[in-house]
Amino acid sequence: MRLVAALLCLALSGCDAVHALFAPRTRTAAAAPEIAMGPWLLDPGPGQVTVAWTTAEPVKGRVWYLDDRLAQEETARTDHRVTLRSLPQDTEVRYRIEASPPVAGSFLTAPGPKSAFRVLVYGDNRTNGGDHSLVARAAAAEGARLALHTGDMVVNAADDQLWDRWFSEEADLLLRTPFVPTLGNHEITDNGVSYSRYFKDPSRPAYRSLEYGPVHLVVLDSFEIAAGADPHVGAVSDAQVAWVEEDLRGVPADQHVWVLVHQGPFAHPAHMRPGHGGSERVRLAIQAAARRHPIEAVFAGHEHFYERGEVDGLRYFVVGGGGAPLEEPDPTFPTVESAHKALSFVTLEVCGCHVTGKAKDIAGRVLDSFTLSSCKEPCGAPLAAKGAP
């Protein structure tokens, strides 16, 4: 009877109800949500990189890379971490995040032991108006393959708007440059919750190490909450000291070893304030570790200027001109070899057994040049030649 009525309706008026009655049912796929913050690239290493971003709505993160490979999360979430694996060495990899609109970027994978590459070191942004934006823009133009951050990204880590602004100002750099930060004292104003959310595995401490081409990078936590640190006073646990000694025990003798930490072993502001200058606890930890393996350089922040110096054979840097209110260094201190009050960053050129570097201001002017490692062989020589006369 229903069919007869439908046919009668069709014959008499061609009504749309008949088409709706017999048309096949289709299911409209839900559009992927818009990206709220990011993306940024974490955990660079041999054969892998992790793509991170956030969305306002929960969704399973999906990333396409190397033309036809798909990496995806197992459950829906708003904070996304998708690891791209089996990446070829020394290769540009393009990736695309499924979102509305889609977001695409590219990066260079970890280099081989003889490859030439550039590393960026910067920090202490503190979301200070346009200054941070100027530093981020100038740093991004350097085309570094890896970015090391000396800590203190925002003034108050509990303020979501400050993080929104920080990620916005860093967007061009983070889209294509794997990023390795260290925990600053301003990152623990919310007990490290936001730092853990955005940059580290919540189940592990903030100190760790990673291999990147011929470089072994040690990331220390100079404001270790478990050791009693607060935003005004640093602390380093006995467990962290023991860990870094053990970590360097197994590093091959021919590798470059760098330390990244917020409050370094030495710093010389013109006007000393409580909680500033070098950290004795960090100094003792690094000196103990250096007995296991020579440490080529320590990169720190905490003071808002640039400083390079050497104490008892340990070369240290203060790289804190990333946007926070600038301070005066003391260039007359005996161990200080270069010091500048300037919005600035450092670039390092690595090639086999050679490492050279420059400190630059936001106009591209070279404030300081230095050599960390060299040998008689040309760039690209095997690391076994490192340190040869």
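The first residue of the sequence shown is numbered 1, and numbering continues consecutively from there.
Taking OG1 from Thr347 and CZ from Arg118, the interatomic distance works out to 5.5 Å, rounded to the nearest 0.5 Å. Rounding to the nearest 0.5 Å gives a distance of 10.5 Å between CD of Glu34 and OG1 of Thr54. The line from CG of Asn125 to CG of Leu343 is 10.5 Å long, rounded to the nearest 0.5 Å. With values rounded to the nearest 0.5 angstrom, His256 atom NE2 is found 7.0 Å from Cys353 atom SG. Atom CD1 in Ile188 sits 13.5 Å away from atom OG in Ser196 (nearest 0.5 Å). For the atom pair OG of Ser194 and CG of Asp159, the computed distance is 9.5 Å after rounding to the nearest 0.5 Å.
Counting heavy atoms from C-beta on, the side chains of Asp221 and Val236 never come closer than 4.5 Å. Counting heavy atoms from C-beta outward, Arg165 and Val154 have side chains that stay 4.5 Å or more apart. Using a 4.5 Å heavy-atom threshold, the side chains of Leu87 and Leu66 count as touching. In this structure the side chain of Arg273 reaches within 4.5 angstrom of the side chain of Glu327, judged on heavy atoms. For the pair Val49 and Thr109, the minimum side-chain heavy-atom distance is 4.5 Å or more. Residues Tyr306 and Ser338 are in side-chain contact: their nearest non-hydrogen atoms beyond the backbone lie under 4.5 Å apart. Side-chain contact between Trp258 and Val355 is present, with heavy atoms from C-beta onward closer than 4.5 Å. Considering only heavy atoms from C-beta on, His80 stays 4.5 Å or farther from Val63 through its side chain.
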Next on the checklist: Could you go through Ser209 and Trp243, starting from their C-alpha distance and side-chain angles, then the distance that decides it, and tell me whether this counts as side chain to side chain contact (heavy atoms under 4.5 Å, CB included)?
Outcome noted: CA-CA 10 Å; Ser209 66; Trp243 169 84; 4.1 Å; yes
Checklist entry - After noting the C-alpha distance and the side-chain angles of Arg137 and Asp172, does the key distance pass the side chain to side chain contact (heavy atoms under 4.5 Å, CB included) rule? => result CA-CA 8 Å; Arg137 188 179 309 154; Asp172 290 343; over 6 Å; no
Item to check | Residues Arg208, Lys200; criterion side chain to side chain contact (heavy atoms under 4.5 Å, CB included); working and verdict | outcome: CA-CA 10 Å; Arg208 61 194 179 102; Lys200 85 174 193 70; 5.9 Å; no
Checklist entry - Where do Leu41 and Phe179 land on the side chain to side chain contact (heavy atoms under 4.5 Å, CB included) test, with the steps shown first? => result CA-CA 6 Å; Leu41 305 172; Phe179 181 77; 5.8 Å; no
Next on the checklist: For Asp90 and Lys114: C-alpha separation, side-chain torsions, deciding distance, then whether salt bridge (charged side-chain N to carboxylate O under 4.0 Å, His left out) applies.
Outcome noted: CA-CA 10 Å; Asp90 235 342; Lys114 301 180 184 180; over 6 Å; no
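Within 6.0 Å of CD on Glu280 lie no more than 12 heavy atoms contributed by other residues, nucleotides or ligands. Atom CZ of Arg249 has more than 12 neighbouring heavy atoms from other residues, nucleotides or ligands inside a 6.0 Å radius. Atom CD of Gln161 has 12 or fewer heavy atoms from other residues, nucleotides or ligands within 6.0 Å. A 6.0 Å sphere centred on CD of Glu337 holds more than 12 heavy atoms belonging to other residues, nucleotides or ligands.
Contact detail for Val261 and Thr182: the closest heavy-atom pair is C-CG2, 3.7 Å. Pairing each heavy atom of Arg81 with each of Ala52, the nearest pair is CD-CB, 3.9 Å. When every heavy atom of Gly228 is checked against every heavy atom of Ala235, the shortest pair comes out as C-CB, 4.1 Å. Contact between Val218 and His216 at its shortest, heavy atoms only, is CG2-CD2, 3.8 Å. Closest approach of Pro39 to Ile97, counting heavy atoms only: CB-CD1, 3.6 Å. The heavy-atom pair separating Thr78 from Glu57 by the smallest distance is CG2-C, 3.7 Å.
Judged by distance alone, with hydrogens and angles left aside, the side-chain atoms of Thr91 form a donor-acceptor pair with the main-chain N or O of Gln89 at under 3.5 Å. Between the Thr189 side chain and the Ala157 main chain, a donor and an acceptor come within less than 3.5 Å of each other. With hydrogens and angles ignored, the 3.5 Å screen pairs no side-chain donor or acceptor of His268 with any backbone N or O of Phe333. At least one donor-acceptor pair closer than 3.5 Å links the side chain of His354 to the backbone N or O of Glu377. For Arg62 (side chain) and Val82 (main-chain N/O), no donor-acceptor pair under 3.5 Å exists by modelled atom type. Between the side chain of Arg315 and the main chain of Leu372, a donor-acceptor pair closer than 3.5 Å is present. A donor-acceptor contact shorter than 3.5 Å links the side chain of Tyr65 to the backbone of Arg85. With hydrogens and angles disregarded, no donor-acceptor distance shorter than 3.5 Å links the side chain of Arg197 to the backbone of Asp79. Distance alone, capped at 3.5 Å, is enough to place a donor-acceptor pair between the His186 side chain and the Val155 backbone. Using a distance-only test at 3.5 Å, with no hydrogens or angles considered, a donor-acceptor pair links the side chain of Glu187 to the main chain of Gly184.
Cluster annotation: Met153 is not connected to Val180 through the hydrophobic network of ILVMFWY side chains, with a link wherever side-chain heavy atoms come within less than 4.5 Å. A chain of hydrophobic side-chain contacts below 4.5 Å, direct or via other Ile, Leu, Val, Met, Phe, Trp or Tyr residues, connects Ile286 to Val244. By the criterion of side-chain heavy atoms lying less than 4.5 angstrom apart, applied directly or through intervening Ile, Leu, Val, Met, Phe, Trp or Tyr residues, Trp163 is grouped together with Leu174 in one hydrophobic cluster. Under a hydrophobic-cluster definition in which Ile, Leu, Val, Met, Phe, Trp and Tyr are linked whenever side-chain heavy atoms come within less than 4.5 Å, directly or via other members, Ile295 and Val311 are assigned to the same cluster. Leu134 and Val346 are assigned to two separate hydrophobic clusters, defined by single-linkage of ILVMFWY side chains at heavy-atom distances under 4.5 Å.
In this pair, Trp40 and Tyr198 present their aromatic rings perpendicular. The plane angle is above 60°, beyond the 30 to 60° band. Ring geometry, Phe117 versus Tyr212: the interplanar angle exceeds 60°, so the pair is classed perpendicular (tilted spans 30 to 60°). Ring geometry, Trp166 versus Phe199: the interplanar angle exceeds 60°, so the pair is classed perpendicular (tilted spans 30 to 60°). Note on ring orientation: taking the six-membered ring where Trp is involved, the planes of His302 and Phe223 are tilted (angle from 30° to 60°).
No side-chain donor from either of Glu98 and Gln72 sits under 3.5 Å from a side-chain acceptor of the other. Neither side chain, Gln48 nor Thr83, offers a donor N or O lying under 3.5 Å from an acceptor on the other. Judged purely by distance below 3.5 Å, without hydrogens or angles, the side chains of Asp152 and His304 never pair a donor atom with an acceptor atom. Side chains of His276 and Glu303: a donor-acceptor N/O pair is present below 3.5 angstrom, by distance only.
Taking the charged nitrogens against the carboxylate oxygens, Asp238 and Arg281 do have a contact shorter than 4.0 Å, which makes a salt bridge.
Screening Phe370, Phe305, Phe345 for a ring-ring contact (aromatic ring centres under 6.0 Å, His included) with Phe317, the sole residue that qualifies is Phe370.
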